[in-house]
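So that the names make sense, note that chain A is the first sequence line, chain B the second, and so on, each numbered from 1. Both backbone and side-chain heavy atoms feed into the values below; hydrogens, waters and symmetry mates do not.
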Amino acid sequence: MPELPEVETVRRGLEHFVTGFTFRSAHNLHPRVLKPASIAPLSAVEGSRIVSINRRGKFLWFTLDNDLALVAHLGMSGQFLVAQRDRPHPKHVRARFSLKRGFKSHDLLFSDQRTFGWLSVEELTDGVPQSALHIALDPFDKAFDRNAVIVEMKSRKAAIKSVILNQEIMSGVGNIYADESLWRAKIHPEIPACDLGVKKIESLIDAAVEVMGEAVTVGGTSFDSLYINVNGESGFFETSLAAYGQEGEPCPRCGTAIRRIAFANRSSHFCPKCQVKSRRKTKG
DNA sequence: GGAAATGTTTACCG
DNA sequence: CCGGTAAACATTTC
């Protein structure tokens, strides 16, 4: 379930294990793993050295030493795995890369059960691949302009949850962290963004940064294990979710049962007492 | 058996 | 242009 924190965890894992390595071979093992917009087959990366691993929102890419990038989106279920001899061969392997640096070598696998993820070879524009150019900066980017994002959000008539999920305004937030952020900021998901005060939108962005930052911290604690480190499992969900997936469970703040509504083709979870739609005050 | 689940893109309608 | 909705992609789990 990769959103920004999971993708960042994968990025850190890859940075640790494959930076400086050269692609010795690249094998495409599934007819849909290569994004149609890719300018070349996966084998185009053979012979290239990995300079850095980069991320914007949920888009991930390997910057190579030849102005190209191997771009990856994990979709719903994509994973990178460093193949290990003593581990069983993972299922749903869509691509296999053989890497080497000096006497060291290992295989990197891209596994994706539901095949919503993809890989592509792309050119970079100012260090950003073609397919991620339309994606807005995420709040962890050094160049992230918080005030500009607040102004943009405030100008939208759409429901605040749609706005915070819109990757072209601010990237990185998916359905889970949207619900968690809205819960922390005490905002009902269906309130039009333009009806919210600047302070409220500010607190929502801060909540998103906070909750995703915590998730990255938890996900990043597994650095001792090669396997866990790159597979994108954060372990965050089991203990720390206040709203997402908690329908019927008590709100950790007030004890009211969390509600689930179908919204924007997805589920939204919120506390009907803490996150009220109208600002009408109770009489008396 | 049916619904729901994660994300993105595209289409269609108002 | 904006926004809401749905469908498409695939598979597994409840």
- Note on the structure: Base-paired stretches in DNA chain B with three or more consecutive Watson-Crick or G-U pairs, both distances under 3.5 Å, amount to B:2-5 with C:11-14, B:7-14 with C:2-9
- Query: Going by an N to O cut-off under 4.0 Å, is there a salt bridge joining A/Arg12 and A/Glu15?
  - Reply: no
- Item | Nucleic acid footprint by protein, nucleotides 8-14 of chain C - heavy-atom cut-off 4.0 Å, B for base, S for sugar-phosphate alone | -BBBS--
- Task: Rounded to the nearest angstrom, tell me the gap between atom CZ in A/Arg156 and atom P in C/dG3.
- Result: 5 Å
- Query: Does A/Lys58 have a side-chain nitrogen or oxygen under 4.0 Å from the phosphate oxygens OP1 or OP2 of B/dG7?
  - Reply: yes
- Query: Whole-Å distance between B/dA4 C1' and A/Ile261 CD1?
  - Reply: 16 Å
- Basic-acidic side-chain contact under 4.0 Å: A/Arg55, A/Asp138: yes
- Query: Only one of A/Val71, A/Leu42, A/Asn28 forms a side chain to side chain contact (heavy atoms under 4.5 Å, CB included) with A/Leu119, so which one is it?
  - Reply: A/Leu42
- Message: How many whole angstroms separate atom NZ of A/Lys161 from atom P of C/dG3?
- Response: 17 Å
- Determine the Euclidean distance between corresponding P atoms of C/dA6 and B/dA3; express it in Å to zero decimal places. 14 Å
- Query: Quick one: does A/Asp195's side chain get under 4.5 Å of A/Lys157's, heavy atoms only?
  - Reply: no
- Query: What one-letter contact string describes nucleotides 9-14 of chain B from 5' to 3', where B marks a base within less than 4.0 Å of any protein heavy atom, S marks contact via sugar-phosphate atoms alone, and - marks no contact?
  - Reply: S-----
- Query: Using 30° and 60° as the class limits, which term best fits the ring planes of A/Phe62 and A/Phe23: parallel, tilted or perpendicular?
  - Reply: tilted
- In whole angstrom, what separates A/Ile176's CD1 from B/dA5's P? 10 Å
- For A/His73 and A/His269, take the nucleotide of DNA chain B holding the closest heavy atom to each; which residue's nucleotide lies nearer the 5' end? A/His269
